[in-house]
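Here is the structure we will look at.
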Number of protein chains: 2
Amino acid sequence: MHVLIIGAAGMVGRKLTDALVADGGIGGQAIERLTLVDVIEPSAPAGFTGRVDRIAADLSTPGTSAKLVADRPGMIFHLAAIVSGEAEADFDKGYRINLDGTRELFDAIRLIGDGYKPRIVFTSSIAVFGSPFPQTIPDEFFTTPLTSYGTQKAIGELLLSDYSRRGFFDGIAIRLPTICVRPGRPNKAASGFFSNIIREPLNGEEAVLPVSESVRHWFASPRAAVGFLKDAATLSGDAIGPRRAISMPGLSCTVGDEIEALTRIAGPNVAARIKRVPDPVIIKIVDGWATNFDTRRAHELGFRAEKNFDEIIRAHIEDELGGTFVA
Amino acid sequence: MHVLIIGAAGMVGRKLTDALVADGGIGGQAIERLTLVDVIEPSAPAGFTGRVDRIAADLSTPGTSAKLVADRPGMIFHLAAIVSGEAEADFDKGYRINLDGTRELFDAIRLIGDGYKPRIVFTSSIAVFGSPFPQTIPDEFFTTPLTSYGTQKAIGELLLSDYSRRGFFDGIAIRLPTICVRPGRPNKAASGFFSNIIREPLNGEEAVLPVSESVRHWFASPRAAVGFLKDAATLSGDAIGPRRAISMPGLSCTVGDEIEALTRIAGPNVAARIKRVPDPVIIKIVDGWATNFDTRRAHELGFRAEKNFDEIIRAHIEDELGGTFVA
């Protein structure tokens, strides 16, 4: 099996690569070759004995996608995207990468045209939904994004479904919850605090909480996200059916639930490193976000996320901190 | 007011042009200039004293849209599309005209960039929905098209909403029901019989009914469609809000209801010109179509369709047959 990962240098892409290498195969097939692509050259995965091509490429450059699929990878993960804030700040760049880049990839596969029909897993986002929405968003709720990023993801889903229906490839689009706890340093994303208030205190550092503890949101761990990608890669197209965009399961919980879980696992001294500094701008942004989903279809297809925030914190401590933290 | 109509030579485009000329204005503003565009040169509207430009153009040819909006029309009707069957048969042509052509029009407006912000009315379709659906489709139901045409319309809606949100223009997308009674000769559209069984008998000719009388569908007259377009053109952007794609009202009724209305209005001799010749292919296609919508939003915004099939037949006799028929 030749696996192509586009967006391999990102947080999820690196974790997926490592998981595939550790597994040695996917869906009962050994992985003999990995092609890892991103705007910066992805690092080499440790312990992989097959062929690895690491490519720095811009998906929106004409001809790039054709080169990437010329060797007919049987499985393609398309994780690359300009993120929400940048797609909003730079209209042209967002559409060029997130829409045109995705469409060119899909067309490059289509234009091979000799029966080549890879599985393609496309990461979409809950940003395809726009408020107001019901407290719990069902699988059949309409997509009315309120960002250009969400618009581009919703269009990617539509293209993927149509290209799959026409037999050009066998696609599935998975809408990821907010990934938490994100490893690394705090970033400027409005959603960053959901991770910061867990990650920094476990590192012995202070973190700022800009919203109230009653704020509810929709989470899955990086570990769960990698699980979604691997499960999506091996589902049968018949099981997926013609509706190829699926909201992934997640955990709906409040900031207060996060803090209680942190207190349970790491103690009150750690939780005391969270400083409450209300930020009206972030409060307003977060107020427009979805809080819960009824992901019946994903459950029926076998996707699973964490059941409580304790599990999310434990996954972070195990996967990122070697099992320990600063008490 | 300078009004640009793209798709002006089609059935709805011609009726819209005539209605605007008869009204003399729209939204309280006189129409001084009409630019009529289609792949064939639209005919000149009778009785219009302002400037008329009639242009044969292919929307997907680079630079076409920039020329069409260079004189800054204040109101744009974008009705042009490759129809469902052709978009399915010719993948490239469907995407080139229905997706790229629409996006190039939107971008041509955006790239003027000096505060120019026209109203744009885009005709979408109930083909954005794909079965299975509930018996009555609510406004918040998701769009999972099962044709490339429906996919292209759904993408057009998303682009229109995002470009409107970002202030590049003030758009509204209206999803038209099946237009019935279509004037003209029978065509090969699978939906043609819904009109044929009314139109041909009123002309003294036989018509073939390929499905059972229990088949239910979603209708509006050409007159109602023109009303939707005119109402959409003058709604305030604030009233529309960020969700810019709206299912238009219609009439849900069965083929049996159609025949009963024809019998009431024109007598049993006319209705006896309908010949029942079941066609398994058409029966199967029609079985996948939506049968009813709950168009609450459209009603709140003031859109109105016919309340029974008698009204639809009377509109046809008045508008197409000079008030008479072959008894």
Side-chain angles (χ1 to χ4, degrees), chain A residues 87-89 91-92 94-96 98-100 102-103 106-107 110-111 113 127-134 137-168 173 175 240-247 288 297, chain B residues 87-92 94-96 98-100 102-103 106-107 110-111 113 127-134 137-168 173 175 241-247 288 297:
Chain A
E88 205 63 16
F91 183 89
D92 285 302
Y95 273 91
R96 195 174 68 242
N98 292 350
L99 174 48
D100 296 327
T102 297
R103 188 168 168 209
F106 291 177
D107 275 333
R110 174 173 73 91
L111 292 171
V128 299
F129 300 105
S131 68
F133 15 60
I137 298 181
D139 283 328
E140 303 194 340
F141 196 66
F142 68 167
T143 52
T144 60
L146 292 176
T147 58
S148 292
Y149 173 82
T151 301
Q152 292 145 11
K153 287 294 186 187
I155 294 174
E157 292 181 356
L158 284 161
L159 291 172
L160 176 134
S161 290
D162 197 42
Y163 280 54
S164 294
R165 186 184 62 81
R166 300 199 56 144
F168 302 136
R175 296 180 189 137
I240 304 167
R243 294 169 169 181
R244 299 239 157 198
I246 304 172
S247 296
R297 269 199 79 204
Chain B
E88 205 62 17
D90 189 337
F91 183 89
D92 285 302
Y95 273 90
R96 195 174 66 242
N98 293 350
L99 174 49
D100 296 326
T102 297
R103 188 168 167 209
F106 292 176
D107 275 332
R110 173 173 74 92
L111 291 170
V128 297
F129 301 105
S131 68
F133 13 63
I137 298 180
D139 283 327
E140 303 193 340
F141 196 67
F142 68 166
T143 51
T144 59
L146 291 176
T147 59
S148 292
Y149 172 82
T151 302
Q152 291 144 13
K153 287 294 187 188
I155 293 174
E157 293 181 356
L158 284 161
L159 292 172
L160 177 133
S161 290
D162 196 43
Y163 281 53
S164 295
R165 186 184 63 80
R166 301 204 50 147
F168 301 137
R175 296 180 189 136
R243 294 170 170 182
R244 299 240 156 198
I246 304 172
S247 297
R297 271 199 77 203

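Only this structure's heavy atoms are used, side chains among them; waters, hydrogens and symmetry mates stay out. Below, read A as the first sequence line, B as the second, and so on, with proteins coming before strands; counting in each chain starts at 1.
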Residue part contacting chain A, namely of S148(B), when any heavy atom lies under 4.5 Å: both
Which bit of F168(A) is near chain B, if near means a heavy-atom gap under 4.5 Å: side chain, backbone, both or neither? side chain
CD (E140(B)) and OG1 (T144(A)) are apart, to the nearest 0.5 Å, by 8.0 Å
For Y149(B), which atoms come within 4.5 Å of any heavy atom of chain A: side chain, backbone, both, or neither? neither
How many angstroms lie between atom CG of L159(A) and atom CD1 of I155(B), to the nearest 0.5 angstrom? 4.0 Å
With a 4.5 angstrom heavy-atom cut-off, which part of R166(A) approaches chain B: side chain, backbone, both or neither? side chain
Before you tell me yes or no, could you show the steps for D162(B) and Y95(A) under side-chain hydrogen bond (donor to acceptor under 3.5 Å, both in side chains), namely the whole-Å CA-CA distance, both residues' side-chain angles and the distance that decides it to 0.1 Å? CA-CA 11 Å; D162(B) 196 43; Y95(A) 273 91; 2.6 Å; yes
Okay, side chain of R243(A), backbone of G130(B): is any donor-acceptor separation there less than 3.5 Å? yes
Which bit of R110(B) is near chain A, if near means a heavy-atom gap under 4.5 Å: side chain, backbone, both or neither? side chain
Less than 4.5 Å to any heavy atom of chain A: does that hold for the side chain of Q152(B), its backbone, both, or neither? neither
Toward chain A, the part of L99(B) with a non-hydrogen atom under 4.5 Å: side chain
Pick whichever of D107(A), D139(A), L146(A) has the most heavy-atom pairs under 4.5 Å with chain B. L146(A)
Of the backbone (N, CA, C, O) and the side chain (C-beta and beyond), which part of F91(B) lies under 4.5 Å from a heavy atom of chain A, both, or neither? both
Tell me, side chain or backbone of S164(B) under 4.5 Å from chain A's heavy atoms, or both, or neither? neither
As an exercise: rank E88(A), R244(A), E157(A) by heavy-atom pairs under 4.5 Å with chain B and give me the winner. E88(A)
Check whether any side-chain heavy atom of S161(A) lies under 4.5 Å from a side-chain heavy atom of T151(B), and answer yes or no. no
